[in-house]
Amino acid sequence: MSSTVYVDRGSPVHRLNPMTKLVAMLCVIVIVFALPVWWVSGLVLAVAIIPVAVISRCGRTLSRISATILLPILVVLFVVQGLTFPGGKTALVSWGVFTVTSEGLHFALGIGLRLVCLVLASVLLVLTTHPGDLMSALTARGMSPKFGYIISSTLQLIPAFRDRANAILLAQQARGLSVKGSPLRRIKIMMPLLGPLILGMFTDVEDRSTAMEARGFGSTARRTSLVPVPDSSVQRVSRWVMPAVSLAVIVVPFATGAL
Amino acid sequence: MIRLDGVSYAYPDAVRPVLENVSLDIGRGAIAGILGASGAGKTTLAKIMAGFIPAVDGGELSGTVSVDGQGMGDLPLAEAVSRVGLVIQNPFNQISGARYTVREEIAFGLENFGVARPEMQGRVDEVAELLNLGPLLDRSPYELSGGQQQLVAIASMIVLRTPVLVMDEPTSQLDPAGTRMVFDVLSTLRGTGITVVIFEHKLELLHQHADALYVLADRSIVAAGDPTDILADARLAEWHIGSTRYTRAARAAQDRGLLAGLQHLPVSLEQAVAVFADDGGAR
Amino acid sequence: MPHSTNGADSRRARHIALVILGALIVVATYLYLVVWRPTEIAHTSTGRASLIAIGGYVIGAVLLAVGSIHRLPTTTVALIPVAIALNIVVGQIVSVIGLPVYLDSIGTVLVSVLAGPAAGVVTGILTNVIWGLTLSPIALPFAVVQVVIGIFAGTAARWGMFRRVYTAPLAGLVTGVVAAMVSAPIAAFVFGGATGGGAGAIVGAFQAMGQSLLGATTLQGLLSDPVDKAITFTVVALLLIALPARFLQRFPFARAHRVFGRTGPKAAQTALAREG
Amino acid sequence: MTGMPLRFEEVHYRYPAGVEAIRGVSLAIEPGERVAIVGQNGAGKTTLVRHLNGILKPTVGAVHVGDWLTADHDIAELAARVGYVFQNPDEQLFARSVQADVEFGPRNLGVAPEETTRRAEQALATVGLVEQRNAHPHHLSLSERKRVALAGVLAMHTPIVVLDEPTTGQDAAGIDMVGTVLDTLAADGRTVIVITHDMDFCAEHFRRVVVMTNGQIQADGDTRTIFGLEEALAEAAVEPPQLVRLSQRLGWEYSPLNTEEFVEYCARRRSERIG
C-alpha cells in the first residue's frame, strides 16, 4: 500500500531494467529541450513516447494522469502568452484591449509541446517502474543507500501519515474544535492539528531509527540485495547507444548549420 | 548468556539515574520476562541490553553488560546489534518501509550487513518456515494486521541470528489475537537456543511462557526467580504490577479464612482450579 | 578500525568539494540566465535556456544532496521521510481547509532547523523527487527551490533566528525573496510562466504592463513566496517552542549551535520526569 | 448533570472503500447506563461508537443522541453532548501544559474562563494528575498521557462519555484509576460507553455488555449472563474473564464477576457443604 502510481501490467516495458528506462527518458527530454523547434517535440512524441506507451499497456492511465497535470498549464500558457507575449507583433484576433498574436501562440506551442514530452516521458517511467526496483538499480550503481531508504520509506509513509492527520483532525473536532469561520480562525486551528502530528513524528523517528540501527543500517559493509535487478546485454549496449545518438541528433544540425 | 553487573544509568543532563545497580544473568536458550510499571525504565533497560545506550542516547552508564562473556561496552553499535536483537513496541515503526514485500523486509538487515544472495535466500526461507510466514512473504508489510507485522518484525531480527533477542513490550499495541500470535512465537523459539528477554505486562501469558521472571521497580531489579513464586509475591501491588485474578481471589479467600493451610498462592488457572477444587469446589 | 583517519578525511574533502561545486553550478546557472539574458528568449523560443535552467539546477541540486547525505547520522535519516511526508500531507490539508497559503515546506524548514542545512538540502530535493514520483513530474525542475529553503532555514537556525518567534518570519521573508528569484527562470523558460491558474494570470498582467517574461515571473514570485515562507517559518518556530526540550536536544546540530538557546536545569528536570 | 438516551435504529455503515463495517445494528442505551462493547478487532466496535459523535453518519438507518438526529449535526456540535476519548492520546494532546490541554475542550464549547479552570482542576483531580498540571503532556508516561486525554473529555461535562480502549498501555495502577473514574461518572448519572479487550476490567466495572462480530450485535445483556454464554463468546473470539473461566472449570452454576463475589460464593458453598 504505497502512494505511487505504479501500475503492474507485466508488459515488455515493465520488464526493462530501470536504468534503461531512466536513460531513455533523459535522452528524450534533452533532445526536445536542446532542439527548440516545435516539430522536433512532435516527432519525438510520435516515434518514441506514444509507441512505448502503447506497448506498456498503460496508455489510458498515462493519458488520464498527464491530462490532469498538463491541461491547466497548457490553457494558461496559450491564453497568457497568446495575449501578452512581449515579442508579439502580428495580431490574429482583437477584442478591445485584448489582442492575440501569432508570435505568442507560436511561443506557447513550442513550450507546450516540450512540456507534453517532459510530462509524458516521466509519468511513463513512473507508471512502468516500481520505485523499489528503481532504487535498487540506482543503489547498485553507487547511489548512497540512504537515498533509497528515504525515498522508499516516504512513499510508504505518506498514506499512514495522511490517516494520522485525519485522526487528529477528528479528535480535535470531537473536543469541540470547529473548522468553520474566517481564514484567521482557520489559521489558529493549525496548532492543535500540527502539534500532535509533529510530536507523534518525533516519537516515531526515535523508534524508527532504533529499529533501523538494530538491523545494521549503520553498518559499513558493502550492501547486497535479495532481489536481482533484471538486465541484458542488449540493454547494457543500448544505454550507451541512446545518449550517443541523442548527442549526434543535437550536434549535427549545428555543425551543418541547419539551425 | 546475557549478564548485567551493577548497571547504573542516567540520561544526559538528568539529575537522578533511571537505573541503579541492576544485575541479572539469563542463561542460554532461556525465556526471561521482565515486569515493571509504566515509567519504571523498561525501555531504557532494553536499550542498554541491546547496546543503544549509551551509544545513541549518551548519558552515564556504569557497570558491565556482557553477552556470552564478551563485554558489550567496547563494541561499536553496528557490532553490538549483531549480538543482541531488539524488537520495539510499535510494529508499525519497526517496519523499515524501505522494502515492498515481507520477503525483502525480512532480508533488509542481511542486505545491510552485506550477506551474499544465496545465503540470504536460505536464511529468509528458514525463518519464514519457523514462524509460519510463508503465505505472507509476497505481501506488502503495510497490508498486514498489527500482530502479523510484529511477527515480521521478530522474523527480521531472528534472521540476523543474534544469540539474544530483546523484546520491549511487543504486544502493547496488539489486540488479544495479535498478542497470542507473538506469545506462540515464544514457544516456537524454545529449543532453537535463542535467549529471549521479554518486557511485558500480561501476567497470565508470561506465566505460561517464561522460564524466569524479574521485577524492575525503584530503579533496580527487586525480585527474580521462578514465575510461580514471583507472581504470588504480595509486593507486586506496591510495585504497581498487580497480580492475576486467581492470586487476588485466593488472597481474599485466605483473608476470609477459607484456605487455611495453603502454602502457595495460585497464579494460573490450573493452579487455581487445584486450590479451589480442594476447598469449596467439586469435591 | 577498518578505515584510517586518512581515508575518512579524503572522503570528507570529496563531499565538501561536491557541495561547493553544486552550489557554484546553481549560482552560475542563475547568473547565466539572468545576467546574460540569452538573446533567443526575445524571439520565439526558450529551448536552450530552459535546458540550461533544468540541467544546471538539477545537476547542482543533486551534487549538493550527494555531498550532504553522507554526513547525516541515522537519527536524521530517519527524520527525513517523516518530514517529507509532512511537507506533502500538510500541503494537502492546507488546501482542504482552504487557507490562502501553501505551507508545503514546513517539513523542510523543521529538518533544517533541527539537523542543519545539509539535512535541509536532502529533505528539500527529495521532497520534489517524491512529488515527481507520486503527483506530478513538473515539480522536479523546482527541486532547487526547496534546496534553497533548506540552506537558508538551516543557516538562520545556526544564527539563532529560531530562538524568538519574531525573528523567524524575517528569516522567512529573506528566504522567500531568494526562492522567488531562483525559481523565476524555471517558471519563465520551462513553463512560459504558466505554473498555475492564479500565478499565470499575474504573470500575464506583468507582461501586459511591459515586463519581460523573466521579469514577470520574478515579480509574481516576489508577490507570493516571501509571505508564504514568513508564515511557514513562524509556524515552525511556534511548533518548536511548544515541543519538549528533550526532543529538541536530541539533535546534535540543535545542541551545538544552541538553536533554541541554552539548556538549563529546567530541561534536565523534564528529561528526568519523562524517563522516571 | 444527567445522562441522555441513545438509540441506533437499523444502522448500516459502508466505508467509502466499500467495506460494510456495520450491518444492521439496533441498540438503545438509557441515561446513566454503563455499557461495555467487546469483540475482536475488525468486528465494528470503533465504527459503531464513532456514530455517536458524528465522526461517521449511518449509510442507512438513524442514530439519536437525546432529541438530536446525528445526521443533522456536525462533530463540533455533537461534542457538547458526547465526549469521546480516543485510543491514542498522542492524537489529541498538543498544548504546552497538561492544564491548558484539559481546558481546550471546555473553551471550544464556550464555557466561561473561570468555570473552565475550575472544571479542568476538578478533572485533573479525578484522574490523579493535579501535581503534573504544569508539566508538558509529552513528558508524561503513556499511562499518564492517556489520563490527561481522559481528563480533557471529563472537563467538557458531556452527558455521554465514550472511551475507546482506555486500559491498553496502562499498568495495574492506571487500570485501577480508569475504573475509579468510571465509578465517578456513574455516580454523576452520566452515560458511559467503553470499548475494551480487557474482560477482567469489563466484568468488574460494567453491568451491561454488548458483544459484536462482523458488524453485528452477537449478544447484548447483563454482564453475568453474557459471560456465561460460552459458545457466543467463542464465536466472537472473546475469552471470558479469569474468574469466570475459573468458576466454569470448577463446575459452578454461578459466574462471579469480581473477587468479592467469588469469595462470597466460595464461602457460601463451603458453609452449605459443612451444613
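Throughout, protein chains are lettered first and strands after them, A, B, ... in sequence-line order, and every chain is numbered starting at 1. Since this is a predicted model, take the numbers as computed values, not measurements.
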Where B:Q121 and A:L226 come nearest, the two heavy atoms and their spacing | CG-CD1, 3.7 Å
Checking heavy atoms, do the side chain of B:A50, its backbone, both or neither come under 4.5 Å from chain A?
-> neither
Identify which part of B:S82 has an atom lying under 4.5 Å from any heavy atom of chain A, answering side chain, backbone, both or neither.
-> neither
Apply the side-chain contact (heavy atoms from CB on, under 4.5 Å) test between A:T210 and each candidate in B:T43, B:L86, B:N93; give the one that qualifies.
-> B:L86
Flag yes if more than 12 heavy atoms outside B:E129 fall under 6.0 Å of its CD atom; otherwise flag no.
-> no
Full working for side chain to side chain donor-acceptor pair (under 3.5 Å) between A:D207 and B:N90 | CA-CA 8 Å; A:D207 270 10; B:N90 186 343; 5.0 Å; no
Mutual orientation of the aromatic rings belonging to B:F108 and A:Y149 [parallel < 30°, tilted 30-60°, perpendicular > 60°] = tilted
Would you indicate whether B:R3, at its atom CZ, is surrounded by more than 12 heavy atoms from other residues, nucleotides or ligands within a distance under 6.0 Å?
-> no
Interface moiety of B:R103 toward chain A, non-hydrogen atoms closer than 4.5 Å | both
Among B:P141, B:A78, B:G114, residue most engaged with chain A (heavy-atom pairs, under 4.5 Å) = B:G114
Minimum-distance pair of heavy atoms, taken over all atoms of B:V81 and A:G216 | CG2-N, 4.4 Å
Do A:F217 and B:S96 come close enough that some side-chain heavy atom pair is under 4.5 Å?
-> no
Minimal non-hydrogen separation, A:A160 against B:F92, with atom names | CB-CZ, 3.4 Å
In terms of heavy-atom contacts, does CZ of B:R28 have more than 12 from other residues, nucleotides or ligands at under 6.0 Å?
-> no
Main-chain N/O of B:A116 paired to A:T224 side chain as donor or acceptor, under 3.5 Å | no
Please check if the side chain of A:S219 supplies one atom and the backbone of B:F113 the other of a donor-acceptor pair under 3.5 Å.
-> no
Most contact-rich option vs chain B, by heavy-atom pairs under 4.5 angstrom, among A:E213, A:M212, A:R222, is A:E213
Does the pair B:E105/A:R215 count as a salt bridge with the N-to-O cut at 4.0 Å?
-> yes
N/O donor-acceptor pair under 3.5 Å between B:Q94 side chain and A:R208 backbone | no
For the residue pair B:Y100 and A:D133, establish whether any side-chain heavy-atom pair is separated by less than 4.5 Å.
-> no
Under 4.5 Å to a heavy atom of chain B? For A:P145 that would be neither
Starting at CG of B:L110, measure out to CZ of A:R223 and round the result to the nearest 0.5 Å.
-> 12.0 Å
